[in-house]
Amino acid sequence: MEHVKGYHVAVLGATGAVGQQMIKTLEERKFPVAKLTLLSSERSAGKKVLFNGNEVEVQVATPESFQGVDIALFSAGGSISKRFAPEAVKHGAIVVDNTSAFRMDENVPLIVPEVNEDDLKNHQGIIANPNCSTIQMVVALEPIQKAYGLTKVLVSTYQAVSGAGAAAIKELKDQTKAIIENEEFTPAVLPVSGDDKHYQIAFNAVPQIDKFQDNGFTFEEMKMINETKKIMHRPDLEVAATCVRLPIETGHSESVYFEIKDQNVAAQDVINVLSDAPGVVVQDNTAEQVYPMPAHSVGKNDVFVGRIRKDLDRDHGFHMWVVSDNLLKGAAWNSVQIAESLIKLNLV
């Protein structure tokens, strides 16, 4: 029997929503962890986390924390990543970063393993995990691009509050309870934590995720646009996005309209292509009312696609509905999957 090498893995942001999912995913995937180092801010240090039946104490992150680490999974916010990622690389670690800090850096590969795994071969120590809403969309679009070519993508998102962190989840629950019990409440987290203006999320839809840019799009929308082009190696691809926060705890949904190059393609052809695609589960049976929903995606690693239909006016146009757990494929699972790919490609 071949000996499986064990790796020293660090998780930075270990007590956050995504960090906890990373630890859980490492365990569920039976990732070859010889040693696990859990890192956080001073506020969370000292907490104990169970991994493979053993208690691991969370330590304060310092540059020296990465001594001897093979793979470091980062999910503690962009400023923390900018501070610690270069230090981790200096100490010999490969960093998989789940923030926007390095995504558009031309020297940093932006990876979704089902789409552009080979880009890992060009890494210089830091690998970026894309935005959650981008990941699930490109997993569904890449097989279509390979089969028929893509010319245009228009997406509207229906995003869960867990994408904005634990405080947003608490706010949704507290507001929902307050409204049902006819009590007063003051929004304090969404749409953008730290901003002067906050809006109700319970029983509402908020068409702003992240800050507005000078072009009228939000930063979240620009992330989807720019990251899609980079991951798919298609700087020429027409992409536009509208990102909306809904009162759902976990699971992002997307209405995706796309246009292809090939002619005479039927909806069933697209369904067949997606049915054979890695990481995709097709749930598309309108006669039986079968389609993806966020409540059914929670805790699953796949990207679920349904409502696949041809546009009524444009022969090249199609519509689909794409759903995934934003904390798993949108974050923790994609990060661990990148680490698995590094091992598979003998890059670590």
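The residues of the chain are indexed from 1 along the displayed sequence.
Side-chain contact between E221 and T218 is present, with at least one heavy-atom pair separated by less than 4.5 Å.
Residues that satisfy the side chain to side chain contact (heavy atoms under 4.5 Å, CB included) test with A178, not counting sequence neighbours, are E183, F185. Annotation: ring-ring contact (aromatic ring centres under 6.0 Å, His included) contacts of F102 (sequence neighbours excluded): none. Considering only residues two or more places apart in sequence or on other chains, E259 meets the side chain to side chain donor-acceptor pair (under 3.5 Å) condition with Y257, R314. By the side chain to side chain donor-acceptor pair (under 3.5 Å) test, S100 pairs with no residue at all, sequence neighbours left out. The side chain to side chain donor-acceptor pair (under 3.5 Å) check on K24 picks up nothing, with sequence neighbours excluded. With sequence neighbours excluded, the residues that form a side chain to side chain donor-acceptor pair (under 3.5 Å) with Q268 are N272. Every side chain to side chain contact (heavy atoms under 4.5 Å, CB included) that V239 has, sequence neighbours left out, goes to V153, I225, T228, K229, L237.
At distances below 3.5 Å, not a single donor-acceptor pair connects side-chain atoms of D311 with backbone N or O atoms of F318. With hydrogens and angles ignored, the 3.5 Å screen pairs a side-chain donor or acceptor of T99 with a backbone N or O of A101.
Side chain to side chain, T250 and D325 fail the donor-acceptor criterion of an N or O pair below 3.5 Å. In this structure, a donor-acceptor pair under 3.5 Å is present between the side chains of T134 and E227. Judged purely by distance below 3.5 Å, without hydrogens or angles, the side chains of E220 and Q208 never pair a donor atom with an acceptor atom. A donor atom on one side chain and an acceptor atom on the other are found under 3.5 Å apart for Q337 and E114.
Within 6.0 Å of CZ in R307 there are 12 or fewer heavy atoms belonging to other residues, nucleotides or ligands. Summarising the local packing, CD of E181 is surrounded by more than 12 heavy atoms from other residues, nucleotides or ligands at distances under 6.0 Å.
In the hydrophobic clustering, where aliphatic and aromatic side chains (Ile, Leu, Val, Met, Phe, Trp, Tyr) are joined below 4.5 Å either directly or transitively, Y291 groups with M293. Hydrophobic cluster membership for V206: V161, I169, L172, V189, L190, I201 (Ile, Leu, Val, Met, Phe, Trp, Tyr linked by side-chain heavy atoms under 4.5 Å, directly or transitively).
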Under 3.5 Å, which donor-acceptor pairs do the side chains of residues 71-84 form with other protein atoms, sequence neighbours left out?
unit_1	atom_1	unit_2	atom_2	d
S75	OG	N98	ND2	3.2
S81	OG	G77	O	3.4
S81	OG	D97	OD1	2.5

Can you give me every donor-acceptor pair (side chain of residues 295-304, partner residue at least two apart or in another chain, under 3.5 Å) with its distance?
unit_1	atom_1	unit_2	atom_2	d
S297	OG	P294	O	2.9
K300	NZ	H296	O	2.8

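Within the structure, side-chain hydrogen bond (donor to acceptor under 3.5 Å, both in side chains) contacts touching residues 53-63 (residues at least two apart or in different chains) are T62-S65.
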